[in-house]
Amino acid sequence: MPKFVFTATSSVLLTGGLLLAGPGAASADEKEEGTDSGCAGVEMNADGSSGAPSEEAEKAAEELNDKLKQDMADSMSPQNAACANEVVQAAQDRDMNKEAATIAVATTIVETHLNNYTGGDRDSIGLFQQRDHYGSSDERLDAGWATEAFFDELEAVYPDGSWESESLGKVAQDVQRSAYPDRYHDQIDDAEVIVDHLWS
């Protein structure tokens with residue numbers, strides 16, 4: 001059973017008297033009505049999920065459990081795999097590369113162990129534990145929307161692809177501004193395995 005560690009993920013930073021905040025709205029297009037990825041919101045105890053993950057998600061979870069070595073080792077569920085797939089798909093839809101998807105997946109491993117939590121630290125919710133200035137609860141619990149919001153913030157912090165010259169763990173920390181900056185780097189290897197497995 002993975003440990004559930006929630007970090008301070010406020011995307012507000014005071015620098016030189018300027019208040020910098022994460023995006024108020026992500027650039028994701030509206031999803032089609034009635035679609036269900038299997039990455040539904042869950043309570044903090046990981047019970048109460050709705051929406052059955054697909055057979056593909058079940059297979060991916062089983063295969064990934066044999067490959068992962070860090071926090072998610074032997075802990076991937078079909079719902080975790082469905083959530084990871086939503087993050088990877090959002091990166092592809094935005095024409096981001098595998099490294100960007102790896103940063104996003106590593107972030108969700110650290111924040112929620114790939115659970116789309118309906119609560120968290122203060123007003124944080126969702127895969128990325130995004131604070132309420134990111135958007136509505138419904139938006140932040142939409143895995144694709146939340147990933148778009150994460151990438152919006154990444155591009156605000158690192159304009160013109162400048163993040164590509166930095167270590168992936170550092171980029172995740174610079175986006176999330178966590179009180180525990182080293183944790184993202186520790187999950188990069190597993191995030192790469194997950195992205196490689198799900199990338200198509």
Side-chain angles (χ1 to χ4, degrees), residues 2-13 20-28 31 37-44 46 49 70-72 76 79-94 96 99-158 163 168-188 190-191 194-195 198:
K3 299 183 294 291
F4 296 117
V5 178
F6 293 96
T7 59
T9 58
S10 173
S11 292
V12 177
L13 179 65
L20 305 175
S27 59
K31 288 191 169 186
S37 69
C39 184
V42 295
E43 300 298 328
M44 296 300 291
S49 62
Q70 295 158 312
D71 280 13
M72 296 306 295
M76 284 289 286
Q79 185 165 353
N80 296 147
C83 289
N85 190 61
E86 283 283 294
V87 173
V88 170
Q89 185 64 55
Q92 292 176 321
D93 290 347
R94 192 175 173 125
M96 304 291 278
E99 287 74 23
T102 297
I103 293 166
V105 170
T107 300
T108 62
I109 292 172
V110 170
E111 299 297 344
T112 60
H113 290 96
L114 285 164
N115 287 291
N116 197 15
Y117 284 128
T118 58
D121 177 41
R122 294 173 286 182
D123 55 12
S124 300
I125 62 172
L127 285 172
F128 294 89
Q129 287 293 284
Q130 290 163 331
R131 303 294 304 277
D132 64 4
H133 63 268
Y134 270 85
S136 71
S137 294
D138 286 345
E139 287 169 333
R140 289 176 287 151
L141 286 171
D142 179 316
W145 192 98
T147 305
E148 287 278 0
F150 177 84
F151 287 138
D152 285 348
E153 182 69 2
L154 183 152
E155 292 178 341
V157 173
Y158 287 101
W163 63 269
L168 303 188
K170 180 181 185 303
V171 174
Q173 164 59 18
D174 289 346
V175 173
Q176 294 294 95
R177 302 179 183 109
S178 169
Y180 305 95
D182 298 328
R183 291 183 177 172
Y184 302 104
H185 174 78
D186 293 341
Q187 302 305 321
I188 291 295
D190 270 3
I194 291 169
V195 170
L198 297 175

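The model shown is predicted, which means the values in this text are computed figures rather than measured ones. We use all heavy atoms of the structure for the numbers below, so side chains are in, but hydrogens, waters and symmetry mates are not.
The CD atom of Gln176 lies 11.5 Å from the CZ atom of Arg131; values are rounded to the nearest 0.5 Å. Ile109 contributes atom CD1, which lies 14.0 Å from atom CZ of Arg183 (distance to the nearest 0.5 angstrom). Residue Thr102 holds its OG1 atom at 6.5 Å from CG of Leu168, rounded to the nearest 0.5 Å. The structure places CG of Asn115 at 10.0 Å from CD of Gln129, a figure rounded to the nearest 0.5 Å. For the atom pair CZ of Phe151 and CH2 of Trp163, the computed distance is 8.0 Å after rounding to the nearest 0.5 Å.
Of all heavy-atom pairs between Phe128 and Glu111, the closest is O-CG, 3.7 Å. Between Cys83 and Leu127, the closest heavy-atom pair is CB-CD2, 3.8 Å. In this structure, Val42 and Gln79 approach most closely via the heavy-atom pair CG1-NE2, 3.3 Å. Residues Ala143 and Glu86 share a closest heavy-atom pair of CB-CB, 3.6 Å. The nearest pair of heavy atoms linking Ala106 to Ala191 is N-CB, 3.5 Å. Closest approach of Ser178 to Tyr184, counting heavy atoms only: CB-OH, 3.3 Å.
Glu139 contributes no side-chain N or O that, together with a main-chain N or O of Trp145, makes up a donor-acceptor pair within less than 3.5 Å. Although no hydrogens or angles enter the test, the distance criterion places no donor-acceptor pair under 3.5 Å between the side chain of Asp132 and the main chain of Asp123. The backbone N or O of Ala146 sits less than 3.5 Å from a side-chain atom of Gln130, completing a donor-acceptor pair.
Residues Thr118 and Ile125 are not in side-chain contact: their nearest non-hydrogen atoms beyond the backbone lie 4.5 Å or more apart. Within the 4.5 Å cutoff, no side-chain heavy atoms of Thr147 are placed close to those of Gln89. Looking at Met72 and His113, their side chains come closer than 4.5 Å, going by heavy atoms from C-beta outward.
Not counting sequence neighbours, the partners of Glu155 by the side-chain hydrogen bond (donor to acceptor under 3.5 Å, both in side chains) test are Arg94. The side-chain contact (heavy atoms from CB on, under 4.5 Å) check on Leu198 picks up Ala60, Ala84, Asn85, Val88, Ile194, with sequence neighbours excluded.
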Go through the steps to decide whether Ile103 and Met96 satisfy the test side-chain contact (heavy atoms from CB on, under 4.5 Å), and finish with yes or no.
CA-CA 11 Å; Ile103 293 166; Met96 304 291 278; over 6 Å; no
Apply side-chain contact (heavy atoms from CB on, under 4.5 Å) to residues Glu153 and Arg177 and explain how you reach the verdict.
CA-CA 11 Å; Glu153 182 69 2; Arg177 302 179 183 109; 2.9 Å; yes
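Residues Gln187 and Asp71 have side chains that bring a donor and an acceptor to within less than 3.5 angstrom of each other.
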